[in-house]
Protein chains: 2
Amino acid sequence: MAQSKVTSAEVAARAGVSQSAVSRVFTPGASASAKTVAKVRKAAEELGYRPNVLARAMVSGRSRIIGLVVAYLENQFYPVALELLSNALQVRGYHILIFTAPNSYDDGIDSVMQDLMDYQVDGIIAASVSMSSDLSARAKDLGIPVVLFNRSQDDVEVSNVTSANRLGGRKVAEFLVAGGHERIAHIAGWQGSSTGRDRQAGFLEVLKAAGQSPFAIVDGMYKREVAMECARKLLGNAERPDAIFVGNDHMAFAVIDAIREAGLRPGHDISVVGFDDVPLASWGAYDLTTLRQPVERMVESTVDLILRQIESGDAAPERIEIEGELVLRGSARIPEGWTS
Amino acid sequence: MAQSKVTSAEVAARAGVSQSAVSRVFTPGASASAKTVAKVRKAAEELGYRPNVLARAMVSGRSRIIGLVVAYLENQFYPVALELLSNALQVRGYHILIFTAPNSYDDGIDSVMQDLMDYQVDGIIAASVSMSSDLSARAKDLGIPVVLFNRSQDDVEVSNVTSANRLGGRKVAEFLVAGGHERIAHIAGWQGSSTGRDRQAGFLEVLKAAGQSPFAIVDGMYKREVAMECARKLLGNAERPDAIFVGNDHMAFAVIDAIREAGLRPGHDISVVGFDDVPLASWGAYDLTTLRQPVERMVESTVDLILRQIESGDAAPERIEIEGELVLRGSARIPEGWTS
DNA sequence: CTGAAAGCGCTTACAG
DNA sequence: CTGAAAGCGCTTACAG
């Protein structure tokens, strides 16, 4: 059927026009007469021609490739975001080139960024990675737009999209305090990340205002094993917390497993609240009360932001924050007459 | 620091050599004297030069991009595979360009494949997708290697890597029969997929050999909601199954949720066995007995296969099948003295 | 080993 | 609107 790699020159020959004309027909916004368009489309169809994206990228300086730096795909939040991101970008004519990075260390990220540049990506979306300032700076230097997804970075002028993490931490604390809990522990998100710190900060503010001090605060590092270990310790003592706010759902699942392992019932003997609302949170086995991160809207904003920066060359960094709501389920006691 | 987009010509000028010499220094296997190499490396370093992958791709015909077609990322098996695939490919100097596709319909896949070709990918890995014969054929026509991951297709000559699905189905059935179960139901994987059919076929063979007929067989479509619905129906009748073999873990979690919802205990009142062994299967809340798909080895084979085809031009299709083992956990009764 | 030159498949001023 | 030509940043025969 189709020839192997048809070029615009072959189409031109068949259509009886110049190669430039063919190019124009396939370039949105370029001018060509209706007659030319018709001839070219017909010939292209017959030959199975499609423009070579790479060649186009070379001359136009636009690869229509977005580099996505991710890790931590065991946390369901990221695959979900990845799929949404990819779909949204595909519709707009872009595709995602994946770069997997060691999560929290600057070591590997350096070479990842090198790679990224080699591919002439039009933009970079960094999810769940702490990019060193150097690298954000370097991307900027090269005029490559960067958007941090679900993470922010204070020391660099870079765009980011997050949920309202601090407010979210506050909401969880208010809910827990209203529920009459008096020994509230926090297994925090990684304190090397903005999300981990912000959620904790909001949580502590409200606790303080309520005249409580936290039963315990530990860094769960966003890792299942660490959170599990923390939970076991917390539950192993004579005096136990009556509620645990966990820095994300992924860790909260471990905490619930640990609670049951100790013979206790989440939502009855001890309340657990997570952060994210990944699909698994709503499944029967966990039924997790959690602060929802509105991932669809976060993705929309991220895509809008990066494409705007690419297409208009407007690189003014923007910080977008989207508010999420508490989703009530069975893992935490609901205060009398509570209406979110 | 770094200039915006340094070219080989600039490096050449600074090093006092020709542009070709610079190219050779960065082309593995090309010949250059030690002296030239040193001068060029020095100049490149100072300028922050890195070869443009896209330009290289244009002339060499190698983009070092692998197109990955995926969907269904809510099933943990795929993100896990994606991460492993990306890591393995990155080490070998390739990267993954993501194409998300509607799962089971040929409709959308068609345009996805068009896209794929536009980017001049060196190879295609198709996961959890049924490619139409046309498209496999077309890729072949263009000399683009294709490997199906976790899926096979009989009507086309295309490489694929799967686990031993039929054998896996047999193992599950043997285990369940040995456990004394006599009313074994099967919520099957999507019957439009080879994996779904093969697992079911193996399962039925053994049941038949044991003189049993299945309590029920339904197609769960690899979807959580469908599986949940099937399970509810199965449990709603006066006579219930005493075991359910579920076509993959993702659906098995739904089945376990349904069982508990009905006030029954998995592993006691009714045995459940899944297929995959995703990380979640080992978490306390599900503790799922399941037939492990050896994803690391599947990924290794996939990467080896596609790179071999790309780099040697050897396009002889190969079908690789990797045996997986049953992982015993709490969701199914273990036969007396059973040793896997 | 090395340089000059052609060419990969396009887009985009530049004339007409 | 249209064609001829230059050029994007490389690799790769081809001579030397």
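By convention in this document, chain letters (A, B, ...) are assigned in the order of the sequence lines, proteins followed by strands, and residues within each chain are numbered from 1.
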*D:dA4, D:dC10, D:dC1: which one has an atom nearest the side-chain heavy atoms of A:Thr36?*
D:dC1
_Can a donor-acceptor pair be found, under 3.5 Å and without considering hydrogens, that links the side chain of A:Ser159 to the backbone of A:Glu318?_
yes
*Are any of B:Ser8's side-chain N or O atoms less than 4.0 Å away from OP1 or OP2 of D:dC10?*
yes
_Please classify the nucleic acid contact of A:Thr27 as base, sugar-phosphate, or nothing, using heavy-atom distances under 4.0 Å._
sugar-phosphate
*asked:* What's B:Arg50 touching, base or sugar-phosphate or nothing? Going by heavy atoms closer than 4.0 Å.
replied: sugar-phosphate
*Rounded to the nearest angstrom, tell me the gap between atom CG in A:Leu54 and atom P in C:dT11.*
12 Å
*Distance check: side-chain N/O of A:Ser23 vs OP1/OP2 of C:dT12, anything under 4.0 Å?*
no
*Roughly how many Å is it from CD in A:Gln19 to P in D:dA5, rounded to a whole number?*
13 Å
*Side chains of B:Ser8 and B:Gln19: is there a donor and an acceptor less than 3.5 Å apart?*
yes
*Between B:Ser18 and B:Ala55, name the one whose nearest nucleotide on DNA chain C is closer to the 5' end.*
B:Ser18
*Listed nucleotide nearest any side-chain atom of A:Ala21, set D:dG3, C:dT11, D:dG9*: D:dG3
*Just compare D:dC1, D:dC10, D:dG9 and give me whichever is closest to any side-chain atom of A:Ser33.*
D:dC1
*Tell me: CZ of B:Arg64 to P of C:dC8, nearest whole Å?*
22 Å
*So A:Arg62 and A:Glu311, salt bridge (Lys or Arg N to Asp or Glu O under 4.0 Å) or not? Walk me through it.*
CA-CA 10 Å; A:Arg62 291 282 147 85; A:Glu311 286 166 5; over 6 Å; no
*asked:* Under a 3.5 Å distance rule, please check whether B:Arg64 uses its side chain to pair with a backbone N or O of B:Gly93 as donor and acceptor.
replied: yes
*SB check A:Arg92 A:Asp304 (cutoff 4.0 Å)*: yes
*Whole Å only: how far is the CE atom of B:Met58 from the C1' atom of C:dC8?*
4 Å
*Are B:Lys42 and B:Glu46 within salt-bridge range, i.e. N to O under 4.0 Å?*
yes
*Does A:Ser31 put a side-chain nitrogen or oxygen below 4.0 Å from OP1 or OP2 of D:dC1?*
yes
*Round to the nearest Å and state the distance from A:Arg56 atom CZ to D:dC10 atom C1'.*
20 Å
*asked:* Are there runs of at least three consecutive Watson-Crick or G-U pairs touching DNA chain D, with each pair's two distances under 3.5 angstrom? Give them by first number.
replied: C:1-3 with D:14-16, C:5-12 with D:5-12, C:14-16 with D:1-3
*Expressed in angstrom and rounded to an integer, what is the separation of A:Leu47 atom CG from C:dG9 atom C1'?*
15 Å
*How many Å lie between CZ on A:Arg24 and P on C:dC14, as a whole number?*
14 Å
_Pair A:Tyr49 and A:Phe26, ring centroids less than 6.0 Å apart_ = yes
*Nearest-angstrom distance from the residue atom OH of B:Tyr119 to C1' of C:dC8*: 19 Å
